[in-house]
Amino acid sequence: MPKSKRERPAIFTKTKPKGIEHKDQLIENIRKAVDEYENCFTFELQNFRTTHLVQVRKDLRDSRIFMGNNKVMAVALGRGKEDSHKDNLYKMSGRLTGSCGLLFTNRSKKEIKDYFSTFEAPDYARAGTPATVDWIIPKGPLVNFGHEMMRQLTKLGLPISLDHGTLHLISDTKVCIEGEELSSQAAQLLKLWDLKSVQFKMLLTAHWTNGVAKAIAPPKS
């Protein structure tokens with residue numbers, strides 16, 4: 001059946017692509033938070049996991065946390081003195097690099113610093129990150145794994161034998177070395193052995209209030 005050749009109405013209004021709309025909304029929400037809250041903090045994330053960030057949001061439910069495109073968040077604050085949303089707020093933009101975010105709150109600076117200095121959550125290390133431990137699995141029976149795990153453990157590089165229905169590690173096996181990059185196999189083995197070798201942390205890097213922006217020194221180890 002031939003396509004209709006009837007004239008279609010011309011559309012002259014322009015609509016923004018969804019990506020641009022999302023960026024504009026993020027900028028608007030951040031600037032609104034600047035106006036509503038007394039304090040603005042930048043923070044960096046170590047070993048980011050969504051589940052732990054959910055807990056932080058619950059603990060600070062009277063505050064606002066933003067994470068998104070760093071360049072877009074910088075635009076919201078201001079990239080220079082001329083377009084700074086508030087006096088000296090643009091100085092915070094330089095802290096928006098890597099895995100980071102913004103926190104807006106009316107809680108005191110001391111209360112926020114105390115909270116973040118103590119909030120840590122253990123988790124499994126991911127492939128490609130530096131190992132935080134030396135780990136060798138000693139040879140012997142693997143009593144926590146059934147015989148159905150033999151193929152999977154063998155694929156992960158473990159020398160396995162099956163003796164009377166029990167899996168045995170034939171020899172001591174080095175899985176990872178502290179400081180060296182974790183392979184995907186090593187990361188999976190750490191998880192199978194339930195070894196949470198990294199800590200999720202949120203480190204405050206700068207603070208702004210009433211036109212004054214200051215860096216925050218990292219906590220002492």
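Reckoned from all heavy atoms, side chains included, excluding hydrogens, waters and symmetry mates. If you read the sequence from its start, that first residue is 1, and numbering goes on from there. Values in this document were obtained by computation on a predicted structure and should not be read as measured data.
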Is it the case that one hydrophobic cluster holds both Leu182 and Leu189, taking links as side-chain heavy atoms less than 4.5 Å apart, direct or via other members? yes
Between Thr105 and Arg64, is any pair of side-chain heavy atoms under 4.5 Å apart? no
Give a yes or no on this: more than 12 heavy atoms of other residues, nucleotides or ligands lie within 6.0 Å of atom NE2 of His147. no
Check whether Leu203 and Met92 end up in the same hydrophobic cluster, where Ile, Leu, Val, Met, Phe, Trp and Tyr are linked by side-chain heavy atoms less than 4.5 Å apart. no
Looking at Tyr124 versus Trp193, is the centre-to-centre ring distance below 6.0 Å? no
Using a 4.5 Å cut-off on heavy atoms from C-beta on, say whether the side chain of Asp35 contacts that of His85. yes
Salt bridge flag under 4.0 Å for residues Asp87 and Lys81: no
Any donor-acceptor pair under 3.5 Å linking the side chain of Asn47 with the backbone of Gln199? yes
Verdict with reasoning, Ile30 to Met73, per side-chain contact (heavy atoms from CB on, under 4.5 Å): CA-CA 7 Å; Ile30 289 175; Met73 292 194 293; 3.7 Å; yes
Are the charged groups of Asp114 and Lys110 less than 4.0 angstrom apart, N to O? yes
Counting C-beta onward and ignoring hydrogens, is there a side-chain heavy-atom pair between Thr205 and Cys100 closer than 4.5 Å? no
Hey, what do you get for CG (Asn29) to CD (Glu36), rounding to the nearest 0.5 Å? 9.5 Å
So do the side chains of Gln152 and Leu192 get within less than 4.5 Å of each other, counting heavy atoms only? yes
Testing the basics here: between Ala187 and Ala127, what is the closest heavy-atom pair and its distance to 0.1 Å? CB-N, 3.7 Å
Ala215 versus Arg95, closest heavy-atom pair with distance: CB-NH2, 2.9 Å
Counting only N and O atoms by type, is there a donor-acceptor contact under 3.5 Å from the side chain of Asp123 to the main-chain atoms of Phe200? no
Just by modelled atom types, is the Val72 backbone N or O under 3.5 Å from a matching donor or acceptor in the Asn69 side chain? yes
Minimum heavy-atom separation for Leu89 and Ser84, please, with both atom names. N-OG, 3.3 Å
Rounded to the nearest 0.5 angstrom, the OG1-NZ distance for Thr118 and Lys201 is 11.5 Å
Would you say that Met67 contacts Leu45 through its side chain, given a criterion of any heavy-atom pair below 4.5 Å between the two side chains? yes
Looking at Asn39 and Thr209, would you say the former's side chain and the latter's main chain have a donor-acceptor pair under 3.5 Å? no
In Å, rounded to the nearest 0.5 Å, how long is the span from CG of Leu142 to CD1 of Ile160? 5.0 Å
Distance-only, no hydrogens or angles: does the Ser197 side chain make a donor-acceptor pair with backbone N or O of Thr132 under 3.5 Å? no
Are any side-chain N or O atoms of Ser171 and backbone N or O atoms of Leu169, one a donor and one an acceptor, separated by less than 3.5 Å? no
Counting only N and O atoms by type, is there a donor-acceptor contact under 3.5 Å from the side chain of Ser117 to the main-chain atoms of Lys113? yes
Does a donor on one side chain sit under 3.5 Å from an acceptor on the other, for Tyr90 and Asp83? no
Let's go through Lys214 and Val212 carefully: what are the C-alpha distance in whole Å and the side-chain angles of both, what is the deciding distance for side-chain contact (heavy atoms from CB on, under 4.5 Å) to 0.1 Å, and is it a yes or a no? CA-CA 7 Å; Lys214 292 184 178 180; Val212 179; 3.9 Å; yes
Provide the closest heavy-atom pair for Lys155 versus Gln185 in the form atom of the first, atom of the second, distance. O-CG, 4.5 Å
Can you tell me which residue among Phe43, Phe41, Phe104 is in a ring pair (Phe, Tyr, Trp, His ring centres under 6.0 Å) with His207? Phe41
Counting heavy atoms not belonging to Lys109, are there more than 12 under 6.0 Å from its NZ? yes
Hey, what do you get for CD (Glu44) to CG (Leu96), rounding to the nearest 0.5 Å? 11.5 Å
For the hydrophobic clusters of this structure (ILVMFWY residues joined by side-chain heavy atoms under 4.5 Å, transitively), does one cluster hold both Leu26 and Leu103? no
Using only atom types and a distance under 3.5 Å, with no angle test, would you say the side chain of Thr154 pairs donor to acceptor with the backbone of Met150? yes
For a 4.5 angstrom cut-off between non-hydrogen side-chain atoms, does Ile136 reach Thr173? no
Decide yes or no on ring pair (Phe, Tyr, Trp, His ring centres under 6.0 Å) for Trp208 and Tyr37, but give the supporting numbers first. CA-CA 11 Å; Trp208 176 92; Tyr37 293 91; over 10 Å; no
Spacing of Leu156 atom CG and Gln188 atom CD [to the nearest 0.5 Å]: 5.0 Å
Please check if the side chain of Arg79 supplies one atom and the backbone of Ala74 the other of a donor-acceptor pair under 3.5 Å. no
Between CZ of Arg57 and OG of Ser63, what distance do you get to the nearest 0.5 Å? 11.0 Å
Hphob cluster co-occupancy, Val34 + Leu204, side-chain heavy atoms under 4.5 angstrom: no
Can you check side-chain contact (heavy atoms from CB on, under 4.5 Å) on Ile65 and Val56, steps first, answer last? CA-CA 9 Å; Ile65 292 176; Val56 174; 3.8 Å; yes
I'd like to check His168 versus Thr166 (side-chain heavy atoms, cut-off strictly below 4.5 Å). Are they in contact? yes
Determine, using the 4.5 Å side-chain heavy-atom cutoff (strictly less than), whether Leu158 and Ile177 are members of one ILVMFWY cluster. no
Test log, rule side-chain contact (heavy atoms from CB on, under 4.5 Å), inputs Arg49 and Val198: CA-CA 11 Å; Arg49 305 290 188 273; Val198 298; 4.1 Å; yes
Heavy-atom nearest pair, Asn88 first then Gly211, reads ND2-O, 2.7 Å
Exercise: identify the closest heavy-atom pair between Leu167 and Gly146: CD1-O, 3.2 Å
Verify, without hydrogens or angle tests, whether Arg107 (side chain) and Ile112 (backbone) share a donor-acceptor contact under 3.5 angstrom. no
Going by heavy atoms in the side chains, are Lys58 and Val54 under 4.5 Å from each other? yes
